[in-house]
Amino acid sequence: MKKIIGFIAIAALLGGYIYFFDNAVLDFKKQETEQSKLLYATFKAKHPHRIIIKTPDSEVELERPWQGKWTLANAEGYPADESAIDKMMETVLTITKDQLISNNPQNWDKFDVNPAKGVEVIIKERNDREIAHFWVGKMGPSFGTQYFRKNNLDEVYLVNQNLSQHFTRPLDAWKDRTIIKIEQAEIEAVRVLDNYDLLRSGSGWTLNEEEIAQEEVNVILGALTDLRTIDFPTEEVELTPETADNVITIEAKDKTHTIYLKQEEEGENYYLILAGNSTLFKISSVKKGEIIPELTEMLIREIE
């Protein structure tokens, strides 16, 4: 009888262990599945029409017209950096419920997911309907983690994403930094007033009517074909053909670009304005040196 009772007890213990072990495994798998769920899986990157990013002291409003490119609505419609927006949207669409930290609204302030401290992001589609609305909080306890809360929900998640790099950019950082983008094959001539004339000649180039090596041409053209600003200066600078240090004309097959350059009063970089465009840009002295190199015998050497 004792043996039977002992056997039953062992069987019960073993059954209980198996029950609790199986359920623990199931709970872990359920939790793992829940954590891997996307927070936004109902729309695609092509759907947004307007993106509003608010911090306690700034606001960015990105807008995309139908079949158009992104612009900054609160910066006079200046072209936006499409690559930065693409990366941001890729991040939004890959955020998962990694770790539930709190479901108590009283803890929002602690994790900076409220209006007083957090970053509010609103994404809308073309009919102005919200398709995403969330709060980005402070960085988490480990590198590359951040607190996150969906608007109108209590839950605060710790997500394995560095969201600050996308949502704490100042207004100017959302601007497209392109000044000129042109195919090198389209350029027929580059003229710098009182300096040089670089002209396409057959399959080669001449500089001030002297043949020039292609590698030297490539430095000049390479600097001009994808010319980008290093800053959007806010100071007032008079930059006209009369006040410019250099006037550069790029003659392409379908368009002519005229550039005015002027060195900073205190500093080595150069202010830049395109004729017909009021935006003030800035380029480095290194870039200016590539566009207007020293005219030496090394540069003007005959191709053998």
Side-chain angles (χ1 to χ4, degrees), residues 38-40 43 45 47-64 69-125 128-177 229-235 279-280 282:
L38 295 172
L39 281 163
Y40 291 103
F43 70 95
H47 292 161
H49 160 66
R50 180 177 286 112
I51 302 171
I52 301 166
I53 305 169
K54 298 179 183 179
T55 69
D57 54 7
S58 67
E59 182 171 333
V60 172
E61 186 175 350
L62 299 159
E63 190 173 38
R64 179 172 59 176
K69 293 185 176 294
W70 285 99
T71 62
L72 282 156
N74 60 332
E76 300 180 347
Y78 195 88
D81 186 339
E82 298 270 342
S83 62
I85 296 172
D86 289 344
K87 290 175 183 177
M88 176 187 68
M89 289 307 308
E90 181 181 346
T91 297
V92 170
L93 294 172
T94 56
I95 299 174
T96 56
K97 299 178 179 180
D98 295 323
Q99 186 178 349
L100 177 62
I101 298 298
S102 171
N103 57 12
N104 186 348
Q106 293 182 358
N107 289 327
W108 291 357
D109 186 72
K110 177 181 177 181
F111 301 112
D112 293 358
V113 289
N114 59 357
K117 297 181 179 179
V119 180
E120 182 181 16
V121 181
I122 305 168
I123 301 176
K124 298 182 178 183
E125 61 181 1
D128 221 33
R129 182 180 69 88
E130 286 187 6
I131 52 179
H133 190 167
F134 55 86
W135 295 84
V136 176
K138 65 182 181 181
M139 300 297 291
S142 59
F143 179 77
T145 62
Q146 198 146 19
Y147 295 105
F148 178 98
R149 177 176 69 85
K150 273 189 171 185
N151 192 55
N152 294 329
L153 294 181
D154 296 340
E155 292 83 3
V156 178
Y157 292 94
L158 181 66
V159 299
N160 293 322
Q161 296 266 22
N162 179 1
L163 304 177
S164 291
Q165 61 180 324
H166 301 293
F167 298 111
T168 58
R169 299 161 62 101
L171 184 64
D172 279 352
W174 287 102
K175 291 180 178 179
D176 183 356
R177 291 181 174 259
T229 186
I230 60 173
D231 194 11
F232 292 93
T234 57
E235 53 265 43
T279 304
L280 183 64
K282 187 183 288 189

If you count heavy atoms of other groups shown closer than 6.0 angstrom to [atom1] of [X], is the number above 12?
| X | atom1 | answer |
| --- | --- | --- |
| Glu82 | CD | yes |
| Glu235 | CD | yes |
| Lys54 | NZ | no |

(message) Does Lys150 qualify as a cation-pi partner of Tyr40, given the criterion of NZ or CZ under 6.0 Å from the six-membered ring centre and within 45 degrees of its axis?
(response)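 Because its charged atom sits under 6.0 Å from the ring centre and within 45° of the axis, Lys150 does stack over Tyr40.
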Closest non-hydrogen atom pair between [X] and [Y], with its separation:
| X | Y | value |
| --- | --- | --- |
| Pro115 | Pro56 | O-CG, 3.9 Å |
| Pro233 | Asp231 | CD-O, 3.3 Å |
| Trp135 | Gly118 | CE3-C, 4.3 Å |
| Leu39 | Val159 | CD1-CG1, 4.5 Å |
| Asp109 | Asn114 | OD1-ND2, 3.2 Å |
| Tyr147 | Met139 | CE1-O, 3.7 Å |

(request) With Phe148 as reference, evaluate Trp108, Phe134, Tyr157, Phe111 under the ring pair (Phe, Tyr, Trp, His ring centres under 6.0 Å) test and give the passing residue. (result)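 Passing option: Phe134.
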Working to the nearest 0.5 angstrom, can you tell me the gap between [X] [atom1] and [Y] [atom2]?
| X | Y | atom1 | atom2 | result |
| --- | --- | --- | --- | --- |
| Ile123 | Ile131 | CD1 | CD1 | 6.5 Å |
| Thr94 | Met89 | OG1 | CE | 10.0 Å |
| Met88 | Leu163 | CE | CG | 11.5 Å |
| Leu62 | Ile85 | CG | CD1 | 4.5 Å |
| Leu158 | Asn160 | CG | CG | 6.5 Å |
| Asn103 | Glu155 | CG | CD | 6.0 Å |

Close side-chain approach of [X] and [Y], heavy atoms under 4.5 Å:
| X | Y | value |
| --- | --- | --- |
| Val119 | Thr168 | yes |
| Val136 | His166 | no |
| Glu120 | His133 | yes |
| Phe167 | Val92 | yes |

(message) Any salt bridge linking Arg177 with Asp81? Criterion: basic side-chain nitrogen under 4.0 Å from a carboxylate oxygen.
(response)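 No, no charged N to carboxylate O under 4.0 Å.
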Just distance, no hydrogens or angles: give the donor-acceptor pairs under 3.5 Å from side chains in residues 69-76, sequence neighbours left out.
| residue | atom | partner | partner atom | Å |
| --- | --- | --- | --- | --- |
| Thr71 | OG1 | Glu63 | O | 3.3 |
| Asn74 | OD1 | Glu61 | N | 3.1 |
| Asn74 | ND2 | Glu59 | O | 2.8 |

(message) For the backbone of Phe232 and the side chain of Thr229, can you confirm whether one donor and one acceptor N or O come within less than 3.5 Å of each other?
(response) no
(request) May I ask you to decide if Pro48's main-chain N or O and Arg64's side chain share a donor-acceptor pair within less than 3.5 Å? (result)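 Yes, Arg64 side chain to Pro48 backbone: donor-acceptor pair under 3.5 Å.
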